[in-house]
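For the numbers below, each heavy atom of this structure counts, side chains included, while hydrogens, waters and symmetry mates do not. We're numbering straight along the sequence, starting at 1. As the structure lists them, so they are numbered: ligands from 1, and atoms in each ligand from 1.
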Amino acid sequence: MKIKANPYSSGIKDFTNTLLSLPGRFGDVAKASDKKPMSPTEFQVNKVAAAIHPKMQVLVVEKIEELVDDFKCYTLKAENGKAAYFRAGQYLAFQIKIGNSLCTRAYSIASSPKDAVNGIYKIAVKRVADGFVSGYILDNWKEGAMVTAYAPEGTFVYEPLRDAKTVIGIAGGSGITPFLSLAKAIDERTENLNLILLYGARTEKDLAFKDELDRIALSNGSFKVVYVLSESKQKGYEHGFIGADLIKKYAPASADYSVFACGPEAMYNFLAKEVETLGIRRKFIRFEMQGVSKMTAKNAGLTDETCKVTVIDKGEKREIEGRCNETVLTALEKAGIAVPVRCRSGECGFCRSKLVCGEVYIDDASDYRRLADAQFNYIHPCCTFPKGDITIKIN
Ligand code: FES
């Protein structure tokens with residue numbers, strides 16, 4: 001005769017075993033230390049993460065070199081000798097106090113990731129005609145000065161899973177810095193790709209870092225640089241503006257390639273149409289955004305009418321003045337109100353704030369908000385324009 005298994009037998013066994021284990025468990029509890037459990041900040045893994053990505057870094061201006069007119073290279077050394085690591089193509093966002101304003105500006109790192117291991121970063125700053133911060137840095141940062149920067153950020157990096165093995169880099173003016181970092185990283189074997197750099201400038205004397213770029217190109221077969229002069233017919237260079245024809249001339253004929261671009265807004269406007277004619281896949285095209293387009297407010301018909309921006313910060317209310325043709329972030333900075341800021345182009349989400357009431361304008365091109373954020377009235381002040389009086393909640 002077949003005996004049926006009792007479905008409750010294992011349950012009874014478990015119950016009995018639990019009862020038998022109770023005295024031991026009570027004993028363990030009695031013996032346990034009464035010390036408070038470790039806070040997450042004390043976990044070793046979190047300590048390592050904080051060391052690699054500190055919230056703020058104090059850097060000392062170690063050396064200043066004049067590259068070309070009104071374009072200077074700053075060597076910065078971490079005060080504690082430990083600079084946060086980064087990937088070639090990323091930027092450092094600096095927090096700078098100018099008068100009553102508290103501004104944040106991002107500058108691509110020109111040095112190699114390996115330099116960061118030795119506590120060093122290099123950035124290059126070019127004077128912008130109506131720039132508030134670039135002029136301040138060029139005129140005020142001296143050797144020995146202490147400056148503060150957030151940990152490196154940015155998505156303008158080479159990703160082997162997304163990008164083609166060959167990248168056509170297009171640099172205009174100060175947009176050369178992330179490519180210099182990438183060329184160095186290739187040379188030091190921390191990045192593995194082929195970089196063909198088309199570097200545009202007005203004349204030969206406007207080409208910054210030329211000796212360094214030539215040296216790497218000479219010694220490393222994975223990096224090539226082509227100089228393109230727009231206002232000179234000097235021999236040994238390409239001439240005109242960098243467009244589809246020049247890209248096709250230097251790109252591999254029978255393999256995929258990515259196009260990475262970094263430079264002034266005018267270059268992007270021209271290049272976007274040119275790159276479209278190449279018919280390459282969208283994922284292979286990357287333009288490094290540097291703030292919202294200067295034309296955004298004008299194109300949207302926003303005037304320089306003043307408005308009231310009520311800012312709620314940790315329960316405290318403050319009223320400041322804004323302008324319809326300036327971003328909400330500009331109003332906050334002018335009033336000296338600190339908000340976490342990195343990219344200034346709507347991408348990173350660090351400045352995310354809640355729009356409590358009022359109407360705003362956000363251009364599609366810089367609206368990187370998550371769908372839920374857009375639905376629940378969260379904004380990125382760096383790319384949001386007030387259309388009248390508004391109230392926002394920050395931090
Ligand atoms: S600073 Fe990056 S989204 Fe505003």
Side-chain angles (χ1 to χ4, degrees), residues 53-57 84 86-87 89-98 101-109 123 128 131-134 137 147-157 175 177-178 262 265 268 286-297 300 302 309 311-313 320 322-356 358 360-387 390-395:
H53 258 251
K55 275 197 185 124
M56 289 304 257
Q57 310 185 82
F86 70 100
R87 287 202 55 201
Q90 290 192 305
Y91 59 78
L92 279 176
F94 293 85
Q95 203 178 60
I96 303 163
K97 184 136 179 59
I98 306 175
S101 302
L102 191 57
C103 309
T104 304
R105 284 297 181 279
Y107 290 97
S108 294
I109 303 169
I123 58 154
V128 181
F132 183 51
V133 176
S134 61
I137 293 178
V147 297
T148 49
Y150 294 97
E153 286 287 341
T155 54
F156 192 63
V157 295
T177 46
C262 185
E265 195 175 329
Y268 291 149
R286 305 196 45 80
F287 284 14
E288 171 69 328
M289 297 313 295
Q290 293 170 327
V292 287
S293 162
K294 288 195 178 79
M295 296 307 289
T296 307
L302 301 170
V309 179
V311 185
I312 306 171
D313 184 9
I320 61 170
R323 282 187 185 276
C324 298
N325 63 354
E326 288 181 348
T327 63
V328 177
L329 178 63
T330 305
L332 293 168
E333 287 184 336
K334 280 184 176 171
I337 298 176
V339 275
V341 175
R342 303 289 192 280
C343 69
R344 303 182 69 84
S345 53
E347 245 185 322
C348 72
F350 271 97
C351 65
R352 179 179 178 268
S353 304
K354 172 96 177 166
L355 176 68
V356 179
V360 294
Y361 174 78
I362 303 167
D363 193 65
D364 279 349
S366 48
D367 193 358
Y368 291 94
R369 291 174 301 166
R370 289 175 296 189
L371 209 60
D373 273 3
Q375 228 154 23
F376 290 100
N377 267 347
Y378 282 92
I379 56 166
H380 294 168
C382 65
C383 60
T384 301
F385 295 83
K387 283 171 109 177
I390 61 166
T391 300
I392 59 164
K393 205 167 163 185
I394 60 167
N395 291 314

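Proximity of a side-chain donor or acceptor of Lys354 to a complementary backbone N or O of Phe376 within less than 3.5 Å is detected. Checked by atom type and distance alone, the side chain of Arg105 never pairs as donor or acceptor with a backbone atom of Phe132 at under 3.5 Å.
Taking distances strictly below 2.8 Å, the protein N/O/S atoms close to atom 2 (Fe) of ligand 1 are Cys343 SG, Cys348 SG.
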Steps toward side-chain contact (heavy atoms from CB on, under 4.5 Å) verdict (Ser353, Ile394):
CA-CA 5 Å; Ser353 304; Ile394 60 167; 3.7 Å; yes
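Two residues are said to be in side-chain contact when any heavy atoms from C-beta on lie closer than 4.5 Å; Glu347 and His380 fail this criterion. Counting heavy atoms from C-beta on, the side chains of Val133 and Phe94 never come closer than 4.5 Å.
Tyr150 pairs by the side-chain hydrogen bond (donor to acceptor under 3.5 Å, both in side chains) definition with Gln95, not counting sequence neighbours.
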